There are 2 protein chains.
Amino acid sequence: MSASDKTLADRTYRQLRGDIVNGRLAAGSKLKLEGLAQDYEVGMSPLREALARLMGDLLVVSEGQRGFWVAPLSLDELDDVSRVRALIETEALNAAIRNGDAAWERDVAAAFEALAAVEEHLPHTSEALPPEQLETWEARNRAFHAALVSAAGSPMLIKLRDLLYQQSERYRRVSLNVSRGWRNVHDEHRAIYDATMQRNALRACRMTELHLSRTAEEVRKAMAALAQDDDQVSGGKA
Amino acid sequence: MSASDKTLADRTYRQLRGDIVNGRLAAGSKLKLEGLAQDYEVGMSPLREALARLMGDLLVVSEGQRGFWVAPLSLDELDDVSRVRALIETEALNAAIRNGDAAWERDVAAAFEALAAVEEHLPHTSEALPPEQLETWEARNRAFHAALVSAAGSPMLIKLRDLLYQQSERYRRVSLNVSRGWRNVHDEHRAIYDATMQRNALRACRMTELHLSRTAEEVRKAMAALAQDDDQVSGGKA
DNA sequence: TGTCAATATTATTTCGATATTTTTTCGACG
DNA sequence: CGTCGAAAAAATATCGAAATAATATTGACA
């Protein structure tokens with residue numbers, strides 16, 4: 001239980017958000033209120049409050065009198081999210097490199113080291129990654145990217161960045177379940193890190209764009225493969 | 001009643017949003033649930049659902065077990081919102097000028113003409129503007145700026161733009177209540193319009209930045225004046 | 001007089017049940 | 001056989017009251 005779970009609605013919001021982002025609740029699936037209320041052990045009121053908040057995070061969609069769905073994922077939206085995220089993320093990184101002080105540098109360095117510790121013995125082959133290690137990597141990847149932009153000096157930019165990061169994470173998790181095996185993502189992180197520490201804003205942003213577009217490309221392939229499979233399956237049944 | 005008010009929660013959400021944006025519910029004020037439920041003639045459930053959604057729009061803030069407040073306005077946030085809005089709005093306009101077709105041009109032209117019809121006989125002096133005419137201007141200003149970016153081809157960019165436009169509108173409404181009298185905002189709109197129609201993306205974006213920064217400056221002055229007054233008042237009482 | 005704790009009050013949060021709407025089922029009819 | 005419509009079933013949306021937490025008040029004590 002998080003410290004900020006003062007109310008049941010708060011707790012349910014966080015639980016639902018996690019379950020949507022990591023894919024435990026499948027994209028596009030119907031969210032049956034009674035079922036959720038039982039699963040999360042809450043009543044209608046906090047549940048609906050949580051769902052209303054998730055609409056603002058673009059993780060849930062609703063249609064009046066017809067209920068709630070997990071927001072669907074699509075190739076088009078992947079491209080859209082990736083492009084807008086690159087815009088926001090580079091703007092924030094640029095500002096952070098301009099404004100960041102020594103404390104920021106320490107935070108970034110610490111976050112990078114923590115991430116590096118996990119990434120250095122990631123399987124390059126297509127071994128499956130144990131879930132626990134995956135969660136550690138997710139947490140440290142998130143923390144590293146958050147640390148980079150934390151000195152941007154713009155709460156609004158950070159707010160939008162967080163929203164887009166979360167959207168991207170949903171997509172990335174899809175590809176992790178399909179194409180196991182990691183490209184050398186650590187080199188990309190190090191390139192961003194080095195350029196940032198050298199206060200080379202232009203290069204840091206370029207490396208970030210490259211990192212994001214490569215990730216997006218990987219997800220795109222995974223989703224295309226999935227869509228193929230789905231066609232097979234539903235084609236076979238029809 | 002809007003067509004999309006399928007539920008009481010929807011209707012309450014829209015009403016509350018309007019009342020916050022136009023300032024009928026003062027920035028920073030406590031939102032007493034029982035009072036609101038009476039005012040809007042709804043029960044707790046749809047009311048809380050509406051408030052939860054407004055948190056996502058950054059129009060309402062909450063603290064667990066302590067309730068809800070209208071999100072405060074501040075000079076710092078004004079600067080932050082204005083800067084990020086300029087970034088998003090110019091990116092979207094740039095894309096729209098690249099992608100927009102003939103239908104888009106017609107929409108933009110129509111929106112501009114409608115706006116021009118109101119702006120051409122705005123009082124340049126410091127006469128107070130009748131509320132009805134103000135609402136007409138607000139609606140057409142919103143429609144014009146929305147039409148400009150409507151061909152950006154990026155739902156996410158539009159989504160973020162809408163969020164930021166709404167934030168800006170809150171601030172702008174403050175200044176309209178303080179410094180009546182209009183600068184020649186129509187010339188700025190026309191400059192954006194002309195550059196857009198000539199597909200001069202660079203100039204259109206520059207004119208947009210200028211328009212936004214001038215508006216922000218006006219709001220800044222108005223808020224500084226207000227803060228001064230507030231100090232006087234609370235200082236006098238203490 | 002000032003501070004602290006116990007109590008009273010007020011406000012938020014949550015539940016359980018009801019009303020309303022949508023979806024499904026089933027049978028009649030073309 | 002398909003489709004249209006009415007009845008049944010299922011699900012969502014809403015209310016009103018109870019439970020819970022925060023705030024204000026009061027009075028005892030230093």
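Numbered from 1 within each chain, the chains take letters A, B, ... in sequence-line order. As the structure is a computational prediction, the values presented were derived from the model and not from experiment.
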Tell me the interatomic distance from A:Lys6, atom NZ, to C:dT12, atom C1', rounded to whole angstroms. 13 Å
Looking only at side-chain atoms of B:Ala9, point me to the closest of D:dA11, C:dT21, D:dT14. D:dT14
B:Glu34 CD to D:dA17 P: how many Å, rounded? 11 Å
Among C:dA11, C:dT22, C:dG16, which nucleotide sits nearest the side chain of A:Ser45? C:dG16
Against the side chain of A:Lys32, the closest entry in C:dC15, D:dA11, D:dT14 is D:dA11
Got a salt bridge between A:Arg214 and A:Glu217, using NZ or NE/NH1/NH2 to carboxylate O under 4.0 Å? no
What's the CD-P distance between B:Glu41 and D:dC15, to the nearest Å? 10 Å
Ranking D:dC15, D:dA13, C:dT13 by distance to the side chain of B:Leu8, first place goes to D:dC15
Integer-rounded Å distance: D:dT12 P and A:Met55 CE: 14 Å
Can you confirm whether A:Lys30 is buried at NZ, in the sense that more than 12 heavy atoms of other residues, nucleotides or ligands lie under 6.0 Å from that atom? yes
Under 4.0 Å from OP1 or OP2 of D:dT12: is there any side-chain N or O of A:Lys30 that close? yes
Rounded to whole Å, please give me the gap between CZ in A:Phe68 and P in D:dA10. 21 Å
Would you kindly give the CG-to-P distance between B:Leu47 and D:dC15, to the nearest whole Å? 10 Å
With a 4.0 Å cut-off on heavy atoms, is A:Leu51 in touch with a base, just the backbone sugar-phosphate, or nothing at all? nothing
Give one of base, sugar-phosphate or nothing for A:Leu31, where a contact means two heavy atoms less than 4.0 Å apart. sugar-phosphate
Side chain of A:Gln65 (C-beta onward), nearest among C:dT13, D:dA11, C:dT22: C:dT22
Proximal nucleotide (of D:dC15, C:dT14, D:dA21) relative to the B:Pro46 side chain: D:dC15
Taking CG from A:Leu33 and P from D:dT12, how many angstroms apart are they, rounded to a whole number? 4 Å
Ion pair check, B:Asp101 and B:Arg106, cut-off under 4.0 Å: no
When the distance from CD of B:Glu49 to P of D:dC15 is rounded to whole Å, what number comes out? 11 Å
Test: A:Arg173 and A:Glu138 ion pair at under 4.0 Å: yes
Determine whether B:Asn141 and B:Tyr165 satisfy the following criterion, side-chain contact (heavy atoms from CB on, under 4.5 Å), listing intermediate values before the conclusion. CA-CA 11 Å; B:Asn141 185 59; B:Tyr165 183 92; 3.0 Å; yes
Can you tell me if the side-chain N/O atoms of B:Arg48 get under 4.0 Å from OP1 or OP2 in C:dT12? no
